[in-house]
Asks: 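Okay, handing you the structure first.
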Amino acid sequence: MMIAGVLLMIQGFGNALTRWLWGTDWGLVSVAERTTDLPPWTGAAVGLLGLALAAAAGLKGRRA
């Protein structure tokens, strides 16, 4: 679960940052945006989902 969270953080926040800084898309979120009509905040939402998954995996790892 930690690996999936980190990958989602990289893809989501990477897409959001490249859109904000350079005005271009990057990563798998940009591929999804080419095929479907997604809102512009999708990259940040994917990054936050990844952050939540990584945090949950970290907390679960500390309990075990």
Side-chain angles (χ1 to χ4, degrees):
M1 193 157 78
M2 179 66 81
I3 294 172
V6 170
L7 287 174
L8 285 174
M9 280 192 300
I10 291 170
Q11 290 296 315
F13 289 140
N15 181 280
L17 281 174
T18 56
R19 177 177 284 183
W20 179 57
L21 293 174
W22 296 289
T24 185
D25 289 330
W26 174 84
L28 295 175
V29 177
S30 68
V31 173
E33 288 176 342
R34 288 183 199 142
T35 58
T36 60
D37 188 30
L38 297 175
W41 48 265
T42 303
V46 170
L48 287 173
L49 176 66
L51 185 64
L53 279 175
L59 290 174
K60 186 178 178 183
R62 286 188 181 180
R63 287 187 203 164

Asks: Within the 4.5 Å heavy-atom criterion, are N15 and V46 side-chain neighbours or not?
Replies: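 A side-chain contact under 4.5 Å is absent here.
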
Asks: Side-chain contact test, heavy atoms from C-beta onward, threshold under 4.5 Å: evaluate it for F13 versus L48 and give yes or no.
Replies: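 Side chain of F13 against side chain of L48, heavy atoms only: contact under 4.5 Å found.
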
Asks: With a 6.0 Å cut-off (strictly less than), is the heavy-atom count around CG of L21, excluding the residue itself, greater than 12?
Replies: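 Yes - once you tally the heavy atoms of other residues, nucleotides and ligands closer than 6.0 Å, there are more than 12.
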
Asks: Hey, does the side chain of Q11 reach the backbone of L28 with a donor-acceptor pair shorter than 3.5 angstrom?
Replies: yes

Asks: Can you get from M2 to M9 by hopping between Ile, Leu, Val, Met, Phe, Trp and Tyr side chains that sit under 4.5 Å apart?
Replies: yes

Asks: List the atom of A44, the atom of A16, and the distance in Å for their closest heavy-atom pair.
Replies: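 Looking at all heavy atoms of both residues, the shortest contact is N-CB, 4.0 Å.
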
Asks: Could you pull out the closest heavy-atom pair between M1 and A57, with the gap in Å?
Replies: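 Scanning both residues completely, I find the closest heavy atoms to be CE-N, 3.7 Å.
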
Asks: Is W26 linked to W22 within one hydrophobic cluster, defined over Ile, Leu, Val, Met, Phe, Trp and Tyr using a side-chain heavy-atom separation of less than 4.5 Å?
Replies: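 No, because W26 and W22 fall into different hydrophobic clusters, even though each may have its own neighbours under 4.5 Å.
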
Asks: Applying salt bridge (Lys or Arg N to Asp or Glu O under 4.0 Å) as the test, list every pair that has at least one member in residues 22-44; sequence neighbours left out.
Replies: R19-D25, R19-E33

Asks: Which residue pairs pass the salt bridge (Lys or Arg N to Asp or Glu O under 4.0 Å) test with at least one member in residues 46-58, sequence neighbours excluded?
Replies: none

Asks: Which residue pairs pass the salt bridge (Lys or Arg N to Asp or Glu O under 4.0 Å) test with at least one member in residues 45-56, sequence neighbours excluded?
Replies: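 As it turns out, there is no salt bridge (Lys or Arg N to Asp or Glu O under 4.0 Å) pair with a partner in residues 45-56 once direct neighbours are skipped.
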
